[in-house]
Amino acid sequence: MNPNDVSRGAGLAFAHDLPGRRPRQQARHAQTWTLDGHGWAGCILENHQAKAELTASCVTNAPEDLLTALARLIAGETEARAQFEAEPTAYRWIFYREGDDSWVRMLELLHGSHHDNKSTEIWSAQLPINVLIRAVIRCFDEVARSYCESSYRSKWGEHFPRVELEALRRLWHARRRHDDA
């Protein structure tokens, strides 16, 4: 496999599996979630290589689905998915995990019911699982601080995903304690 194929989604491969490639020592990932109007949010994904901007509508449980997919990943699943609807466009998150490494793919689809092969990959990253989870938890902690939970509901149209965020945080802390033992 050509190492450049990974960024184009040719198949699941981690840096330690690719000839001549070593895992990054200091992976960076930042994520923001901004309420743009009633029922609409903007999400920015950014690392040292690329940045992607997404839109989410409250017609689905976008934040809850994202947090739940990551909880499943940290709990040991090797693949998890979430989707943001932007009416009619959709953004599909695909997470893969192998040990302490994760690979995130962000696909843009003209319609949410389309298959992955009818999408365009707009962002991908290989990250240590802890870097990914920490960035998402920080993102939603910042949302809670910035909007407060009651204001969040009036802007988004649904409750803040407190239950899903705390479930992810508990799983992540349990994993870190297990890793330290």
(message) Distance check, rounded to the nearest 0.5 Å: L45 atom CG versus L54 atom CG?
(response) 5.0 Å
(message) Is the shortest side-chain heavy-atom distance between L66 and F95 below 4.5 Å?
(response) yes
(request) Using a strict cut-off of less than 4.0 Å between a Lys/Arg side-chain nitrogen and an Asp/Glu carboxylate oxygen, indicate whether D141 and R134 qualify as a salt bridge. (result) no
(request) With rounding to the nearest 0.5 Å, note down the distance linking OH in Y96 to CZ in R81. (result) 5.5 Å
(request) First locate atom CD1 of I133, then atom NE2 of H173, and finally report the distance between them rounded to the nearest 0.5 Å. (result) 11.5 Å
(request) Please report the closest heavy-atom contact between S119 and L109, naming both atoms and the distance. (result) CB-CG, 3.8 Å
(message) One pair to check against side chain to side chain contact (heavy atoms under 4.5 Å, CB included): E79 and I94. What are the steps and the verdict?
(response) CA-CA 7 Å; E79 181 178 337; I94 305 175; 4.1 Å; yes
(message) Do L165 and L171 sit in one hydrophobic cluster, given that two such residues count as connected whenever their side-chain heavy atoms are within less than 4.5 Å of each other, even indirectly?
(response) yes
(request) For A80 and A69, work out which heavy atoms get closest and say how close. (result) CB-O, 3.3 Å
(request) Please lay out, stage by stage, how R92 and D116 fare under the test side chain to side chain contact (heavy atoms under 4.5 Å, CB included). (result) CA-CA 8 Å; R92 187 169 297 149; D116 292 352; 2.6 Å; yes
(message) Counting only heavy atoms from other residues, nucleotides and ligands, does the tally under 6.0 Å from NE2 of H159 exceed 12?
(response) no
(request) Would you give the length of the straight line joining atom CG of L73 to atom OG1 of T78, rounded to the nearest 0.5 angstrom? (result) 8.0 Å
(message) Could you tell me if E87 and S57 have a donor-acceptor pair between their side chains, going purely by distance under 3.5 Å?
(response) yes
(request) Inspect the contact between R138 and E142 and indicate whether a charged nitrogen and a carboxylate oxygen are less than 4.0 angstrom apart. (result) no
(request) Would you check, one step at a time, whether the test side chain to side chain contact (heavy atoms under 4.5 Å, CB included) holds for D101 with I129? (result) CA-CA 5 Å; D101 296 319; I129 190 75; over 6 Å; no
(request) Indicate yes or no: at least one non-hydrogen side-chain atom of R175 is less than 4.5 angstrom from one of D100. (result) yes
Using atom types as modelled, flag every donor-acceptor pair under 3.5 Å from a side chain in residues 31-41 to any protein atom, sequence neighbours excluded.
| unit_1 | atom_1 | unit_2 | atom_2 | d |
| --- | --- | --- | --- | --- |
| D36 | OD2 | G42 | N | 3.1 |
| H38 | ND1 | S154 | O | 3.0 |

(request) Kindly confirm or rule out a cation-pi arrangement of R153 over W156, judged by NZ or CZ under 6.0 Å from the six-membered ring centre and within 45° of its axis? (result) no
(message) Would you compute the distance between atom CD1 of I74 and atom CZ of R176 and round it to the nearest 0.5 angstrom?
(response) 9.5 Å
(request) Verify the cluster assignment for I137 and I44: are they in a single hydrophobic cluster under the rule of side-chain heavy atoms below 4.5 Å apart? (result) no
(request) Report yes or no: does N61 contribute a side-chain atom to a donor-acceptor pair with the main-chain N or O of E64 at less than 3.5 Å? (result) no
(request) Walk me through it: do Y91 and L107 pass the test side chain to side chain contact (heavy atoms under 4.5 Å, CB included)? (result) CA-CA 6 Å; Y91 297 96; L107 307 179; over 6 Å; no
(request) Take D65 and W93 through the side-chain hydrogen bond (donor to acceptor under 3.5 Å, both in side chains) test and state the conclusion after the steps. (result) CA-CA 10 Å; D65 292 347; W93 303 72; over 6 Å; no
(message) If you define the side chain from C-beta out and look only at heavy atoms, does anything of F140 sit under 4.5 Å from F160?
(response) yes
(request) Provide the closest heavy-atom pair for L127 versus R28 in the form atom of the first, atom of the second, distance. (result) CD2-O, 4.1 Å
(message) Nearest 0.5 angstrom please: Q49 CD to W123 CH2, how far?
(response) 9.5 Å
(request) Spell out, as yes or no, whether a donor-acceptor pair under 3.5 Å connects the side chain of R97 to the backbone of G99. (result) yes
(request) Search all heavy atoms of H29 against all heavy atoms of A135 and return the closest pair with its distance. (result) CD2-CB, 3.3 Å
